[in-house]
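Okay, structure first, notes after.
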Amino acid sequence: MLFAFLFEGCWVVYCIPALKGEAFRRKSNEITPPFAFEPWGGEKIAVLYGRYIRQGKDLRLHILDLSGKIIASSTQERGRSDYIVFNESEFMIMVEGEGYFEGVLLVSDYLNELRNVTFELRRREFGEGLRTLVINATPLRGQKLKFSLSSDRDVELRVYYFTLNNEKENFDPLSTNFKGAFKGRGKVLEGELGVRSYEDFIAVAIIGEGNITLNFEKASGGAEVSELKSREAYLIIGALVILLALVVYLEKKIG
């Protein structure tokens, strides 16, 4: 299914399935045209991230119905990735910004709570079959996320940290330059991921074709070693600052 928009003096044509679960870069000035999607059931999340955050710009995501009426907008603070969780099956998305901006828009299936997922993944006419899930990681903080996949054909499973802006920019499931947390290929795959104390989201991508079953569960576990080292460093610095302040106080009192 194709949609065309008149934008900055030229017609731009989008193949809608390419936007479903695949990150989409966009440059614009003030506001984009509405991006139309094919009907898509279930809970979804639209996430906007990229260069605009590093530039300190403030953007907003708008979810529209097919008549063009805005039905929901993002409310995140300046300097943070904007996102909206929504359930509408027929929708469009528009991005509003300050002056000229460049960002990345990802629209994905969303798991607010861990559950098993079963679906059929088919190869697209213009490329690989792709299914993307974004998981709400806030209930898993300080724990481990265990995941397993079974398929009747070989597929590739990629898992990414998806909280910080640079981690979102690393999300590119169709790239050969993998920068995620887990990557495997086969009919049966298993893995686990430590969820950091500040984690918001984790992204999961499945590439290929087949009948897929994904299982997710929470497992107890402490913070990652790298996070523990960071905490220890902050504690040491804090103790040194307190000690320095005490020395200065005693010197003033004695003097």
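Throughout, numbering of the chain's residues begins at 1 and tracks the sequence. Reckoned from all heavy atoms, side chains included, excluding hydrogens, waters and symmetry mates.
- By the neighbour-count criterion of 12 heavy atoms within 6.0 Å, atom CZ of Arg80 is sparsely surrounded, having that number or fewer from other residues, nucleotides or ligands.
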**Report entry** Stepwise side chain to side chain contact (heavy atoms under 4.5 Å, CB included) check, Phe35 with Val107
**Finding:** CA-CA 11 Å; Phe35 305 133; Val107 184; over 6 Å; no
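- Here Asp172 contributes atom CG and Lys179 contributes atom NZ; the two are 9.0 Å apart, rounded to the nearest 0.5 Å.
- Less than 6.0 angstrom separates the ring centroid of Phe182 from the ring centroid of Phe147.
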Report task. Verify side chain to side chain contact (heavy atoms under 4.5 Å, CB included) between Val47 and Phe171, making sure each step is shown before the conclusion. Result -> CA-CA 12 Å; Val47 187; Phe171 176 79; over 6 Å; no
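- A salt bridge does not link Lys69 with Glu88: none of the charged nitrogens is closer than 4.0 Å to a carboxylate oxygen.
- Within a 6.0 Å sphere centred on NZ of Lys146, heavy atoms belonging to other residues, nucleotides or ligands number 12 at most.
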Requested in this report: For Tyr161 and Leu193, run side chain to side chain contact (heavy atoms under 4.5 Å, CB included): C-alpha distance rounded to whole Å, both residues' side-chain angles, the deciding distance at 0.1 Å, then the answer.
Outcome: CA-CA 9 Å; Tyr161 286 112; Leu193 191 67; 3.6 Å; yes
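- Taking CG of Leu157 as the reference point, atom CZ of Arg131 lies at 13.5 Å (rounded to 0.5 Å).
- Here the closest heavy-atom approach between residue Gly208 and residue Glu128 is recorded as CA-OE1, 3.9 Å.
- With hydrogens and angles disregarded, no donor-acceptor distance shorter than 3.5 Å links the side chain of Lys218 to the backbone of Lys144.
- Within a 6.0 Å sphere centred on OH of Tyr83, other residues, nucleotides and ligands contribute 12 heavy atoms or fewer.
- Across Val195 and Ala137, no two heavy atoms sit closer than the pair CG1-O, 3.9 Å.
- No donor-acceptor pair under 3.5 Å is formed between the side chain of Thr132 and the backbone N or O of Ser108.
- Residues Asp200 and Arg141 form a side-chain contact, since some pair of their non-hydrogen atoms from C-beta on lies under 4.5 Å apart.
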**Report entry** Pair Glu113-Arg115, salt bridge (Lys or Arg N to Asp or Glu O under 4.0 Å): steps then yes or no
**Finding:** CA-CA 6 Å; Glu113 297 178 348; Arg115 58 182 173 86; over 6 Å; no
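- Going from atom CD1 of Ile206 over to atom CG of Leu149 covers 6.5 Å, rounded to the nearest 0.5 Å.
- Figure legend: Lys168 and Phe162 shown as a cation-pi pair, the cationic atom lying under 6.0 angstrom from the six-membered ring centre and within 45 degrees of its axis.
- For the atom pair CD1 (Ile71) and CG (Asp65), the distance works out to 5.5 Å, reported to the nearest 0.5 Å.
- Each of Phe37, Phe91, Trp40 was checked for a ring pair (Phe, Tyr, Trp, His ring centres under 6.0 Å) with Phe86, and the lone residue meeting it is Phe91.
- No side-chain heavy atom of Asn136 sits less than 4.5 Å from a side-chain heavy atom of Val85.
- Residue Ser73 comes nearest to His62 through the heavy atom pair OG-ND1, 2.7 Å, listed as atom of the first residue, atom of the second, then distance.
- From Asp109, atom CG reaches atom CD1 of Ile45 across 11.0 Å, with rounding to the nearest 0.5 Å.
- Annotation: Arg185, atom CZ; neighbour count of heavy atoms from other residues, nucleotides and ligands within 6.0 Å is above 12.
- Using a 4.5 Å heavy-atom threshold, the side chains of Leu130 and Pro173 count as touching.
- Here the closest heavy-atom approach between residue Pro39 and residue Glu90 is recorded as CG-OE2, 4.3 Å.
- Note on Arg158 versus Glu156: salt bridge recorded, some NZ/NE/NH1/NH2 to OD/OE distance being below 4.0 Å.
- The structure places CG of Leu105 at 6.5 Å from CG of Leu61, a figure rounded to the nearest 0.5 Å.
- For the pair Tyr49/Leu106, a side-chain contact is recorded, criterion being any heavy-atom separation below 4.5 Å from C-beta on.
- Among all heavy-atom pairs drawn from Tyr198 and Leu164, the shortest one is CE1-CD2, 4.3 Å.
- Closest heavy-atom contact between Arg78 and Gly56: NH1-O, 2.8 Å.
- Atom NZ of Lys57 is surrounded by more than 12 heavy atoms from other residues, nucleotides or ligands within 6.0 Å.
- A donor and an acceptor atom, one from each side chain of Asn177 and Ser175, are nowhere located under 3.5 Å apart.
- Between Ile84 and Ile93, the closest side-chain pair of non-hydrogen atoms is not below 4.5 Å.
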Report task. Take Met94 and Glu96 through the test side chain to side chain contact (heavy atoms under 4.5 Å, CB included) and record every step on the way to the result. Result -> CA-CA 7 Å; Met94 188 168 60; Glu96 180 183 3; over 6 Å; no
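- One finds a salt bridge joining Glu102 and Arg51 here, because a Lys/Arg side-chain nitrogen approaches an Asp/Glu carboxylate oxygen to under 4.0 Å.
- At a threshold of 4.5 Å between non-hydrogen side-chain atoms, the residues Asp82 and Val95 do not count as touching.
- Aromatic pair Tyr160/Phe201: centroids not less than 6.0 angstrom apart.
- Side-chain atoms of Asn165 and Arg54, non-hydrogen and from C-beta on, do get closer than 4.5 Å to each other.
- Counting heavy atoms from C-beta outward, Glu43 and Asn112 have side chains that approach closer than 4.5 Å.
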